[in-house]
There are 2 protein chains.
Amino acid sequence: MTTPAAARRARQLKERRSQIVGAARTLAETEGWDAVTIRRLADAIEYSQPVLYGHFPQGRTEIVTAVALEGFEELATALAPSADVPVASDAERVRALVTAYLGFAERHPATYDAMFLLPVLVPFASDETPAIVRAGFEAIEGALHSLDDPPADLPTTAEVLWGAVHGIVALRRAGRFPAAHQEERVETLVRLVVR
Amino acid sequence: MTTPAAARRARQLKERRSQIVGAARTLAETEGWDAVTIRRLADAIEYSQPVLYGHFPQGRTEIVTAVALEGFEELATALAPSADVPVASDAERVRALVTAYLGFAERHPATYDAMFLLPVLVPFASDETPAIVRAGFEAIEGALHSLDDPPADLPTTAEVLWGAVHGIVALRRAGRFPAAHQEERVETLVRLVVR
DNA sequence: GCGATTGTCTAGCAGTGCTAGAGTTTGGGC
DNA sequence: GCCCAAACTCTAGCACTGCTAGACAATCGC
């Protein structure tokens, strides 16, 4: 039997939890992950530090994980359309996919880091990998599958394409790439995958 | 006029500097960069913390930079041979390049992170980029250039190839990729670059 | 041997993630 | 309406981080 009071409290807890995740994400996107400290998050939600550990017993890493999971959800919906662009050539389909991916990474750099760079409490490449995390990769596979001339080893090609796009994002974000010529890179990559 | 004593001191300073860099690199490779703290490095060279700041006024980041520069030197020599493999097909040349790159990243993961992931005091993609840092990228360009059938936009193709290999390394190291199938990825990537 | 330069150390600041234990608010049974 | 236990939240503190000011000691050129 759940009393009304308990229901209200559960609702408030949920609300506060998402406040924490939201504050972490906003802070990370505006000032970088280094600025996301437990103390600053506590200030943001106007509670003391230990309250955060009530919501995230695994500590800071678990908060980063929560942001990453939000990101995976958004990435999946960002990539979904490119699976079936009607009346489009193979090159256009791949270009749409790559552009959508790069666009997401550019709009949410810190979230992207949480998803693909930072240590996180999600089992990747395992049976327990959450469906939503898998969804992004499956969107890439789906886009390749919908090509008129799909590649031979589809899963591996999807991995390599993913790696290539991620590499471009990572080197660009770490300042190892010049900022310009991004369109040329996209075009070159597209031409490598669909010839 | 440099006195013998001053010369000896200069030698000792240089020696100690390379002790610090060596300790940092070893510690990073064995326990990860998080374990590389000024205090632990000070212990390793048996001096107090402020001594390290005498050698590296910019602090920890400058030490990471020194390790990265060592890495760039080694990467350049690791990639050099693949530029001109005699009596080899285009596919073999690209495969040699990719394999050499992946091998370096696998042998020195922490050094690789210093080079391509961590914040570092080297101006990349700029006029002041050290020659040794450029050398790695030029090795990739050189390998592509030596192909019987070189790609059209060579510099951009080199960037994309670099990005692809880096992406594979990064996703693999961050646990986002399954460990297996690495050879298939290499083969697929090679086949994308040389038709 | 003396004096100034160089080198090195101790001690400390402000910050981090995280937690034990004290104190307060809350809610349900009477 | 009251009381007591359960749930909650806070203060204070630990051990660590990068980094630095200022006291002290060794060294070297004269």
Side-chain angles (χ1 to χ4, degrees), chain A residues 1-21 23-24 27-28 31-68 110 113-114 118-121, chain B residues 1-21 23-25 27-28 31-68 110 114 118-121:
Chain A
M1 164 85 188
T2 66
T3 73
R8 192 208 61 219
R9 253 204 331 237
R11 216 175 335 120
Q12 287 173 336
L13 280 186
K14 210 168 150 189
E15 165 67 20
R16 201 167 58 186
R17 190 197 137 98
S18 84
Q19 273 184 34
I20 297 171
V21 178
L27 197 50
E31 303 187 37
W33 277 108
D34 282 353
V36 181
T37 71
I38 302 296
R39 280 170 178 80
R40 290 196 63 173
L41 291 179
D43 284 355
I45 65 165
E46 299 182 297
Y47 279 92
S48 63
Q49 295 101 308
V51 166
L52 301 193
Y53 291 90
H55 290 275
F56 302 95
Q58 313 245 51
R60 208 191 98 111
T61 312
E62 195 175 348
I63 299 179
V64 179
T65 305
V67 173
D113 284 349
L118 302 179
V120 120
L121 302 172
Chain B
M1 165 78 186
T2 65
T3 72
R8 191 207 61 217
R9 250 201 338 233
R11 214 174 338 116
Q12 287 172 336
L13 279 186
K14 210 166 147 190
E15 166 66 21
R16 201 168 58 185
R17 190 197 136 98
S18 85
Q19 273 183 35
I20 296 171
V21 178
R25 186 168 178 182
L27 197 49
E31 302 187 36
W33 277 109
D34 281 353
V36 181
T37 71
I38 303 295
R39 279 168 179 82
R40 288 197 65 174
L41 291 179
D43 284 355
I45 65 165
E46 298 181 299
Y47 280 92
S48 63
Q49 296 101 307
V51 167
L52 301 193
Y53 291 90
H55 289 276
F56 302 95
Q58 314 246 52
R60 208 191 97 113
T61 312
E62 195 176 348
I63 300 178
V64 179
T65 304
V67 172
L118 302 179
V120 121
L121 301 173

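Letters A, B, ... are given to chains in the order of the sequence lines, protein chains preceding strands, and every chain is numbered from 1.
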Identify all pairs in which a protein N or O lies below 3.5 Å from an N or O of nucleotides 5-9 of chain D, and state each distance.
from, atom 1, to, atom 2, distance (Å)
dC8(D), OP1, R9(A), NE, 3.4
dT9(D), OP1, R16(A), NH1, 2.9
dT9(D), OP2, R16(A), NH2, 3.1

Nearest 0.5 Å please: distance from the CG atom of D43(B) over to the OG1 atom of T37(B).
-> 8.0 Å
With sequence neighbours excluded, tell me which residues meet side chain to side chain contact (heavy atoms under 4.5 Å, CB included) with Q12(B).
-> R8(B), R9(B)
Between CD of Q19(B) and CG of L41(B), what distance do you get to the nearest 0.5 Å?
-> 11.5 Å
Value in whole Å for how far the P atom of dG18(D) lies from CZ of F56(B) | 14 Å
E62(A): partners by salt bridge (charged side-chain N to carboxylate O under 4.0 Å, His left out), with sequence neighbours left out | none
Separation between CD1 (I45(B)) and CZ (R17(B)), nearest 0.5 Å, reads 12.0 Å
Atom CD of E62(B) and atom P of dG18(D): how far apart are they, to the nearest Å?
-> 15 Å
Nearest-0.5 Å distance, OG1 of residue T61(A) to CG of residue L118(A) | 9.5 Å
Please table the atom pairs, donor to acceptor, closer than 3.5 Å between any side-chain atom in residues 49-60 of chain A and protein atoms at least two apart or in another chain.
from, atom 1, to, atom 2, distance (Å)
H55(A), NE2, R16(A), NE, 3.0
H55(A), NE2, R16(A), NH2, 3.2
R60(A), NH1, W33(A), O, 3.2
R60(A), NH1, V36(A), O, 2.5

Can you name the salt bridge (charged side-chain N to carboxylate O under 4.0 Å, His left out) partners of R40(A), sequence neighbours left out?
-> E31(A)
Heavy atoms under 4.0 Å is the rule here; annotate nucleotides 11-20 of chain C 5' to 3' with B where the base is hit, S where only the sugar-phosphate is, and - elsewhere.
-> -B---BBBBB
